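If you're wondering where the values come from, they're calculated on a predicted model, not measured in any experiment. Nothing fancy with the numbering, it's 1 onward along the sequence.
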Amino acid sequence: MPGRPCGWFLRVALAAAALLRPEQRACLLVDRSAPRARSQAPGSLKCFLGTLTMEMTDMTGVSLKRGSVAVEDNDSVAPGEAKRQKVSECCPTKGQDGLENNSLPSGETVPGPPETAGEGKKNSDPQLEEEGEEDGLSEEGEEEEEAESFASMMKHGLTELDVGITKFVSSHQGFSGILKERYSDFVVHEIGKNGQISHLSDLSVPVDEEDPSEDVFTVLTAEEKQRLEELQLFKNKETSVAIEVIEDTKEKRTIIHQAIKSLFPGLETKTEDREGKKYIVAYHAAGKKALAKVRTAADPRKHSWPKSRGSYCHFVLYKENKDTMDAINLLSKYLRVKPNIFSYMGTKDKRAITVQEIAVLKITAQRLAHLNKCLMNFKLGNFSYQKNPLKLGELQGNHFTVVLRNITGTDDQVEQAMNSLKEIGFINYYGMQRFGTTAVPTYQVGRAILQNSWAEVMDLILKPRSGAEKGYLVKCREEWAKTKDPAAALRKLPVKRCVEGQLLRGLSKYGLKNIVSAFGIIPRNNRLMYIHSYQSYVWNNMVSKRIEEYGLNPVPGDLVLKGAAVTCIGEDDVNNYSIHDVVMPLPGFDVIYPQHKISEAYREMLTADNLDIDNMRHKIRDYSLSGAYRKIIIRPQNVSWEVVAYDDPKIPLFNTDVDNLEGKPPPVFASEGKYRALKMDFSLPPSTYATMAIREVLKMDTSIKNQTQLNTTWLR
């Protein structure tokens, strides 16, 4: 297993493995560099073990960051700033690219999300080098780390109470169930701008006479492809690569020309005679500038793209256990293009099966379909050519299929819970993943930014903290606390693209007296997540106060949307609205507040945090947020459910799109079984959290801290 886990993590893993059956133990020993099979065996342990197992085999995730409830949420983000004329459907900040998690846990790699292609947008953030990054960790000192148990570590995490999530709308009795025992128990289908649910239903390639033959993918040898790639990326001193044409015919030469030009954008080709033999010579047309231009979104090989064909190939991407950013980076790598030629309407979480629409600039459906032979746990299909890319926020929501395994509720309890979800809905809280998973919540950093307390911002991000973190981060923080030397602390990090690494690099460049510029090295979207986290923290607390004070009926002074404007409910028209019409503001300089007791509660909370509710503009424009509005109760659409009995915890309880394409029959359930599961389907609008809907059904705290305490008996 490349890159041994740090000492405490290894001990926890071994303790857990000792309790497993042999076939379950094998799941813990999967090589992290190998693709995962779809039929993972989670065993019958609690869901947190399933998540732990996946995290152990994941090379990019932070150890033990995702608990049993770190689920995919309806996080799609609109690109524009949500002002008073519209309900908040996103982080209310102009240009927000909408990262799936909407939070920035420490140590997570910052990927630099792809920009929407074709819009001329440029990344204003400095390009960060990746010098000195290593795949593995040093073994030195690993065993000396403190052997604190995982359950003890998670005592330092957040609970729902900590972030203002305290109320329910239903009166039914709660029950327990296992969420995401298998990542395939959580399936998300995007709802497009036309209102249709995206499904992968067709793998065929549109017939196009302009496309080269399938031979372009096999005519070059592996060695030739490697030489061409090195030439394309200027990785050697060669100015050209010559490929001998064996069995010389005009057709064979044409296929080689097509293969090089389509597989290696930026290279030109010509035919040469050398000593009586034919060679296809690949070369750069005009140096590095030409390559850079060709390989960005501007105009890749204009002359090779038919004028009658739309510039964007739209397709449905089916993926398992991979988030959207990682998926696009992987597709880019295989296609040998930059990620910014891809566009999408919303990001999707990792630990799930997700189906969404993607668009890519001037890449043929034929090339994309070829990836189905190369990639595991991915499928691309439903190809079409369109004139325009996709834009963030264009989707109408997501449709969820969720299985809660081993439920304890009676049929009557399940019926009451699901009927309440269908008829009343749930409180539209921001979910736990919005606030991070360590002892330093992201909203605290956001509050310090708004206070202009930059020394505190630096301290909160870099100081040592209790909780579950990778060993190299612990060493980095200890070095920082001891020396306050950013260069020395940075040397402790093998992966320097995490937030801590980027801040330390900024401090090395600009010095400790210019923290603002150093912090600015972190990509804008990630910086703004901290402020959005604080806004979400305030909103959650205020909604809980609103429901505690006035219940589930609209009252005079509440805010509602009337067309494109926000208005205050008066005494005379209170009966014209329901609780589903009521919105509440995220704090900002361009919102109004309810005209009842909750308005003063906003003021008191911000005053306690040394912020002026009447002056929410920041000295730095990026951190001046206008505010937005968000509905307080969401009623899911297309709600359906069934309780099924099963004996084997490893079997899937419903078919995926790929199962249907392969003609697999749907699972058949017995009338009785060892376990019972609740299979639920529902649709949510953008920026609503599926965890909060599931919380309303189960009436359980969805925090990792609480779920860990419920699921740690197997560690003893």
Side-chain angles (χ1 to χ4, degrees), residues 42 44-48 50 68-69 71 73-74 160 165-182 184-187 399-429 431 544 547-548 551-553 578-580 632-649 651-655 666-684 688-703 706-707 709-711 713:
S44 58
L45 293 178
K46 292 290 185 180
C47 53
F48 200 86
S68 58
V69 292
V71 307
D73 282 303
N74 215 19
E160 289 183 347
I165 301 173
T166 60
K167 301 297 179 183
F168 295 95
V169 300
S170 56
S171 58
H172 73 272
Q173 182 181 350
F175 54 91
S176 67
I178 301 178
L179 176 62
K180 282 197 174 183
E181 183 173 27
R182 302 161 56 90
S184 55
D185 285 346
F186 204 93
V187 178
H399 184 80
F400 297 84
T401 302
V402 179
V403 169
L404 302 176
R405 291 181 183 254
N406 199 17
I407 59 171
T408 61
T410 65
D411 287 347
D412 284 343
Q413 285 177 306
V414 171
E415 199 73 12
Q416 290 175 25
M418 293 306 299
N419 275 318
S420 175
L421 183 68
K422 182 177 182 179
E423 294 166 11
I424 302 174
F426 62 96
I427 303 172
N428 194 20
Y429 287 124
S544 292
I547 291 174
E548 180 179 357
L552 295 177
N553 292 308
S578 76
I579 194 65
H580 298 98
I632 69 173
I633 302 292
I634 291 293
R635 185 163 46 197
Q637 301 298 306
N638 308 314
V639 178
S640 63
W641 67 92
E642 64 175 325
V643 176
V644 298
Y646 66 101
D647 291 314
D648 185 352
I651 63 168
L653 300 182
F654 59 88
N655 273 7
V668 178
F669 305 106
S671 56
E672 293 185 2
K674 186 176 180 180
Y675 309 105
R676 292 164 65 245
L678 170 60
K679 176 179 174 288
M680 51 199 295
D681 283 84
F682 54 90
S683 299
L684 294 176
T688 50
Y689 284 72
T691 26
M692 296 296 100
I694 295 165
R695 168 186 181 269
E696 187 70 41
V697 171
L698 296 177
K699 290 204 168 177
M700 290 176 63
D701 186 329
T702 59
S703 66
N706 183 65
Q707 293 292 311
Q709 291 169 352
L710 293 175
N711 291 284
T713 53

[atom1]-[atom2] distance between [X] and [Y], expressed to the nearest 0.5 angstrom:
{"X": "Leu678", "Y": "Asp411", "atom1": "CG", "atom2": "CG", "value": "10.0 Å"}
{"X": "Ile407", "Y": "Gln413", "atom1": "CD1", "atom2": "CD", "value": "9.0 Å"}
{"X": "Met418", "Y": "Asp681", "atom1": "CE", "atom2": "CG", "value": "8.5 Å"}
{"X": "Ile694", "Y": "Leu179", "atom1": "CD1", "atom2": "CG", "value": "5.0 Å"}
{"X": "Lys674", "Y": "Asn406", "atom1": "NZ", "atom2": "CG", "value": "9.5 Å"}
{"X": "Ile632", "Y": "Ile427", "atom1": "CD1", "atom2": "CD1", "value": "8.0 Å"}

State, to 0.1 Å, how close [X] and [Y] come at their nearest heavy-atom pair, and which atoms those are.
{"X": "Pro636", "Y": "Gly425", "value": "CD-CA, 3.9 Å"}
{"X": "Val414", "Y": "Gly409", "value": "CG2-O, 4.3 Å"}
{"X": "Ile633", "Y": "Ile579", "value": "CG1-CG1, 3.7 Å"}
{"X": "Met680", "Y": "Leu404", "value": "SD-CD1, 4.0 Å"}
{"X": "Ala645", "Y": "Ala670", "value": "CB-O, 3.7 Å"}
{"X": "Tyr689", "Y": "Tyr429", "value": "CD1-O, 3.8 Å"}

Main-chain N/O of [Y] paired with [X] side-chain donor or acceptor, under 3.5 Å:
{"X": "Glu696", "Y": "Leu421", "value": "no"}
{"X": "Asp647", "Y": "Gly673", "value": "no"}
{"X": "Arg695", "Y": "Phe168", "value": "no"}
{"X": "His399", "Y": "Val187", "value": "no"}
{"X": "Thr408", "Y": "Phe175", "value": "no"}
{"X": "His172", "Y": "Val697", "value": "yes"}

Note to self: Test side chain to side chain contact (heavy atoms under 4.5 Å, CB included) on Trp641 and Glu415; report intermediate values, then the result.
What the structure shows: CA-CA 9 Å; Trp641 67 92; Glu415 199 73 12; 3.4 Å; yes
Item checked: Heavy atoms of other groups near Gln173 CD, more than 12 under 6.0 Å -> no
Notebook entry, point to check: Counting only heavy atoms not in Lys699, do more than 12 sit closer than 6.0 Å to its NZ atom?
Noted result: yes
Check: Taking C-beta and beyond as the side chain, do Met692 and Asn428 meet within less than 4.5 Å on heavy atoms?
Finding: no
Notebook entry, point to check: Would you say Pro667 and Asn655 make side-chain contact, with heavy atoms under 4.5 Å?
Noted result: yes
Next item on the list: Please report the C-alpha distance between Tyr675 and Asp648 in whole Å, then the side-chain angles of each, then the deciding distance to 0.1 Å, and finally whether the side chain to side chain contact (heavy atoms under 4.5 Å, CB included) criterion is met.
Entry: CA-CA 8 Å; Tyr675 309 105; Asp648 185 352; over 6 Å; no
Item checked: Phe400 and Phe186 aromatic ring geometry - parallel, tilted or perpendicular at 30°/60° bounds -> perpendicular
Next item on the list: For Arg405 and Leu653, run side chain to side chain contact (heavy atoms under 4.5 Å, CB included): C-alpha distance rounded to whole Å, both residues' side-chain angles, the deciding distance at 0.1 Å, then the answer.
Entry: CA-CA 10 Å; Arg405 291 181 183 254; Leu653 300 182; 3.8 Å; yes
Next item on the list: Begin with the C-alpha distance, continue with both residues' side-chain angles, and end with the deciding distance and a verdict on side chain to side chain contact (heavy atoms under 4.5 Å, CB included) for Leu684 and Phe426.
Entry: CA-CA 11 Å; Leu684 294 176; Phe426 62 96; 3.7 Å; yes
